[in-house]
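Structure first, commentary second.
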Amino acid sequence: MMSLLPSDFQTRIVNRGIELSFSLIFCYLFFCFYFYFTKAAFPLHDIDSAGMVQLLQNVAKGNGLVSSIFSSIYDLLPLLPTNVADFEKSMFSSVHSETSVFQWHAYLIAYPLAVFIIMGADATIVTISAVIASMTFCAVAPAYWVAKKNDNTLLGILFLICAFNWVPWNNALFGQLYFDRLFLGTQTLLIFTSFTLLISPNSHRAVSGLMWLSAIAGCLISERTSLMVGCYFIGLIILFWRPLVKNRAQLFQFGMLAVIPLIWVLSYTKLYYDSPYAATTSLTTIFHNITNFLDPSSKYFTDSITLFLTVLPFCFLAMFNLRFGLICILTVIPNFLISVAGAEKIAFTTHYHMMYVPFLIAGAAIGLSSINKWIKRDGRSKSKKSIVVMVLLLVGAWNLFLSNKSWSGGQVFEAANPFVTVLTQTKNLDEIAVTLKDLDAAGALNISAHSSAMPALVNLENTIFSAFPVGIYDVDYLLVQHIAKESDYRL
């Protein structure tokens, strides 16, 4: 009788240990990040975070995709380029307070999220939880993949630390709330389920079900994410045609998941889309941007180099699986071709980087596993872990160097440290919120508020907000920062 456990049983034990470890890591990080976000980040946020929360509130009430906070951005836009004389003559009218957000973005994911609010959950808690869960999953799931494919939990943790130090992820984690942040979770799950079906066509049906679920959820987030889902499956079909053509059922699934999202995007943009940002994607604008990109003296060129150096390490890892890595790298190209005042290149706290982040992190994990296969084929399996560790240390050092130059690079580790005291900074907005809550309960209010005050006031259910100075001639109250004290607000 053998004293050793059968190898398959040992493998099961190792796999279960890895699954348990990363499940616990996910839960721990989620609660740490959630607590830090609610205490130290959300109170200091602005109009975007408050707008997302209010939009979910209104959907739950049956008012549709309407948010006076979010819509007031579009009342501010015409004021931004005006000179002083024209600014003084402006009536600062609020014309979009009741406009459906659907004409600007198809945030249909708000409806399933609103179910939790209808069931009694607080809108702010639902919004923050959804975004933090998505962001955390985007980092932990690829790390779990690395650990499982290498049968080594420590390698997965090392990869996770690399992701923590990557500027597009760690800057976004405690940045403002955007619906596009949800794409990180749905697309990460979609990548790993679809890739699993590619390498193991006989996988359990649950994998296929999760692939469809994550694809549908990704398409509901916005028209941009739906476009990314459709293009992703087109890329898979083109670059993995040879293995797919041998499995017609799987090819049909991928084909459906490529066509349906693109049909939805074309229908939406043709029938509903009317955004002032539409001009940024015109061929004329793109050609002008390419011209600037080729000019080394331009800011466009400098910003593009910054973006290139930032995405380089995970692009490098992804390319160890050449075909899949190519798909991942192509997702960054739009950020080099369009321009939204430079935000799409260097403002990593914004949502303009969310379309490529899940592809590069998941692609890096898949590429790292391909290094492992290459070493095995070459007959040097004993050195495989040392080579993977060296590559990860190189990538980690590169990410850490860039992250240290970022304003929020250290927040991730601070949030994950249970011994760090987290302070809430609401200035004097708590007192103002109590006063306005009593007035709000008595009837509908119109308030023109400084955008930084809106997260603290978002739970005023009957209040219509305008972003100061919009609506200053028509509202009941003004809420602005007191310049003399710099941090206090005056009602």
Side-chain angles (χ1 to χ4, degrees), residues 138-139 141-150 155-156 158-160 162-163 165-169 183-184 186-200 211 214-215 218 227-244 250 254 257-258 304 307-337 353-378 384 387-399 402:
C138 178
Y144 164 73
W145 179 277
V146 170
K148 190 169 183 179
K149 294 300 178 182
N150 290 277
L155 283 180
L158 184 57
F159 181 89
L160 184 61
C162 290
N165 281 318
W166 194 45
V167 173
W169 184 86
F183 183 62
L184 274 68
T186 61
Q187 187 59 33
T188 299
L189 180 59
L190 182 60
I191 287 172
F192 286 121
T193 50
S194 58
F195 190 77
T196 298
L197 291 174
L198 274 175
I199 60 178
S200 304
M211 179 181 71
S214 56
L227 178 63
M228 296 301 289
V229 170
C231 290
Y232 168 67
F233 278 102
I234 288 177
L236 287 181
I237 292 170
I238 293 174
L239 294 174
F240 292 89
W241 174 259
R242 190 168 294 177
L244 281 173
Q250 191 168 302
F254 282 21
L257 289 171
S304 297
L307 176 61
F308 171 76
L309 294 175
T310 302
V311 301
L312 181 60
F314 278 166
C315 287
F316 167 72
L317 287 180
M319 287 307 291
F320 281 104
N321 187 307
L322 188 60
R323 288 181 292 179
F324 197 84
L326 182 59
I327 295 174
C328 297
I329 288 175
L330 288 175
T331 62
V332 191
I333 299 300
N335 286 61
F336 288 100
L337 297 180
H353 300 265
M354 297 301 97
M355 297 301 104
Y356 68 77
V357 167
F359 288 97
L360 292 191
I361 297 181
I366 291 171
L368 206 58
S369 302
S370 298
I371 295 178
N372 183 26
K373 292 180 180 178
W374 172 77
I375 296 170
K376 282 183 178 179
R377 283 201 304 265
D378 202 42
K384 63 180 181 181
I387 293 178
V388 171
V389 168
M390 287 175 62
V391 171
L392 279 175
L393 289 175
L394 175 63
V395 170
W398 185 280
N399 287 347
L402 294 177

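Quick note: numbers below take in every heavy atom, side chains included, and nothing from hydrogens, waters or symmetry partners.
The two residues Ala141 and Thr188 have their closest heavy-atom pair at CB-CG2, 3.9 Å. Minimum heavy-atom separation, Pro168 to Met354: O-CE, 4.0 Å. Thr186 and Ser214 get closest at one heavy-atom pair: O-CB, 3.4 Å. When all heavy atoms of Pro142 and Ala365 are compared, the pair lying nearest together is O-CB, 3.5 Å. In this structure, Phe320 and Gly367 approach most closely via the heavy-atom pair CB-O, 3.3 Å. For the pair Ile191 and Pro358, the tightest heavy-atom approach, listed with the atom from each and the gap, is CD1-O, 3.7 Å.
Atom CD1 in Ile234 sits 11.5 Å away from atom CG in Leu257 (nearest 0.5 Å). Separating the CG atom in Leu317 from the CD1 atom in Ile361 is a distance of 11.5 Å, to the nearest 0.5 Å. With values rounded to the nearest 0.5 angstrom, Phe314 atom CZ is found 9.5 Å from Leu368 atom CG. Expressed to the nearest 0.5 Å, how far CG of Leu244 lies from CD1 of Ile238 amounts to 11.5 Å. A distance of 11.5 Å separates SG of Cys231 from CG of Leu236, quoted to the nearest 0.5 Å. The line from OG1 of Thr196 to CH2 of Trp145 is 4.0 Å long, rounded to the nearest 0.5 Å.
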Step-by-step ring pair (Phe, Tyr, Trp, His ring centres under 6.0 Å) determination, Phe336 to Phe308: CA-CA 9 Å; Phe336 288 100; Phe308 171 76; 7.2 Å; no

Step-by-step side-chain contact (heavy atoms from CB on, under 4.5 Å) determination, Phe192 to Tyr144: CA-CA 11 Å; Phe192 286 121; Tyr144 164 73; over 6 Å; no

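Put simply, the side chain of Ile199 reaches to within 4.5 Å of the side chain of Phe195, judged on heavy atoms. Residues Leu198 and Phe254 meet the side-chain proximity criterion, which asks for heavy atoms closer than 4.5 Å. Looking at Phe324 and Ser370, their side chains never come closer than 4.5 Å, going by heavy atoms from C-beta outward. Contact of the Val311 side chain with the Leu307 side chain is registered, since non-hydrogen atoms from C-beta on lie closer than 4.5 Å. Two residues are said to be in side-chain contact when any heavy atoms from C-beta on lie closer than 4.5 Å; Thr331 and Tyr232 fail this criterion.
In this pair, Phe183 and Phe359 present their aromatic rings tilted. The plane angle is within the 30 to 60° band.
Of the possible polar contacts, one joining the Trp166 side chain to the Thr310 backbone as a donor-acceptor pair under 3.5 Å is found. Between the Ser200 side chain and the Leu197 main chain, no donor and acceptor come within less than 3.5 Å of each other.
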